[in-house]
Each structure stands twice: as structure tokens, then as C-alpha cells.
Amino acid sequence: MADKRTIPILYTAAEIKERTEAMAAEIAKVMPQEFVLVALLRGSFMFTADLVRELYAIGVHPMIDFMTLSSYGSGTQSSGTVVIQRDISEEVGGRDVLIVDDILETGRTLAFAREELLRRGARSLKVAMLLEKPGKLTVDVKADFVGFSIPDKFVVGYGLDYANHYRELPFIGYLDVH
Ligand code: IMP
Ligand code: MG
């Protein structure tokens, strides 16, 4: 386990806050008055908590629900198969949905969530991603709102983990694993 005090920082807490505030404004412009925000756990928990407070500050009040998906095993390589570990409790049929997730890499997690929510009858579906790693998509999906496009590094912190560690870091850093 790398010493958490020496993790190289990619984005500071202040930079994340500034970007999250701007993203909330972009989202407010596009989303309808009422919508269901579906956060994909566990990686998006911190981003979601901050994003909804920024939305609140500008008068946007979504219903909020959580879906726990898993594609990675315990390391840094995706297993490729996405499973629902815990489902949302809201009905999304006929409703406008905003998916919130931590990072877009191959796109398999997002493609799975999109297809599942559309299959349940979501009327419209948009996606807010904290991070994306350009050039790594293996399926045809995209995010409507992106926080930061990052270099091809394994990032941790601000909700993102390595073997369920580092989620508590208030900044986004990276590990030298590949
Ligand atoms: P995808 O399905 O390949 O797009 O991967 C998306 C999921 O993989 C994210 O929701 C993360 O949980 C995880 N992931 C991908 N890249 C990283 C990373 O650099 N750090 C931590 N988790 C990652
Ligand atoms: Mg993860």
C-alpha cells in the first residue's frame, strides 16, 4: 500500500470543486425540471455528494438513487463482465434520468447501465462522468458531461479505489501501476 501522503496529485480538492460547480451549471441548462439522478457506486459517491450540493445551490432538485455495479475484480484490470450488486429502488419508467459515474474507461460499465435503464423505460438518459480516459473505449458510449479528461494512469481518491483503498482522499491522485 503506497503511503497516502505521497500519492502524486492530479487534481486538488479546490480544482475538483471548481469543475463540479461548472458541471452543475451545464447540467442545469440541459436537464428537465424533474429527473432521477442514478449514481453508480461505489466510485461516484463523493462526486455525487458534491455535485448534488452544487445543483441545489442553483435550484436543481433531482430525486437521487444508487446502483452498485461491479466490473473490476480487486485489482486494476477490468474483468469485463458487469453485474448489479445492488439495484435502485426508484422506478425509472417514463422518467428522465441522469447517470453519474466516476470514470469512463472501456465504457462497458456505462453501456451496461444505460441499456439497463433504457430497458426499464427511462424516457431520456444523460450521463455525467467525473473523469474519462481518452482512447480506451471498447464500446460505443459517451458522456454528456465530463469533469476531466485524464492521462492513461490508474487514478485513486475522491471515491475512486485500488482494491477498495484510497476512496477517502479528498483529491484525485494516481498510482504507478502501469
Ligand atoms: P469501464 O467499464 O472500463 O469504463 O470502467 C469503469 C469503471 O472501472 C469505473 O467505474 C471504475 O470503477 C473502474 N476504473 C476504471 N479506471 C479506473 C482507475 O484509473 N482508477 C480506479 N478505478 C477505475
Ligand atoms: Mg471502482
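Ligands are counted one by one from 1 in listed order, and the atoms in each one are counted from 1 as well. Residue numbers run from 1 in the order of the sequence given.
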Heavy-atom contact check, 4.0 Å cutoff: does [X] meet ligand 1?
X      : value
Val82  : no
Asp102 : yes
Leu110 : no
Lys153 : yes
Lys136 : no

Going only through I, L, V, M, F, W and Y residues with side-chain contacts under 4.5 Å, is there a path from Leu40 to Val139? yes

Where ligand 1 meets [X] - atom numbers and elements under 4.0 angstrom, heavy-atom basis:
X      : result
Thr109 : 1 (P), 2 (O), 5 (O), 6 (C), 7 (C)
Asp161 : 21 (C)
Arg108 : 2 (O), 4 (O)
Thr106 : 1 (P), 2 (O), 3 (O), 4 (O)
Asp101 : 10 (O)
Lys133 : 16 (N), 17 (C), 18 (C), 19 (O)

Of the listed options (Ile150, Ile103, Ile172, Val155), which comes nearest to atom 21 (C) of ligand 1 when hydrogens are ignored and any heavy atom counts? Val155

State whether the shortest distance between N or O atoms of Gly107 and N or O atoms of ligand 1 falls below 3.5 angstrom. yes

Sub-6.0 Å ring centroid separation between Tyr158 and Phe171: no

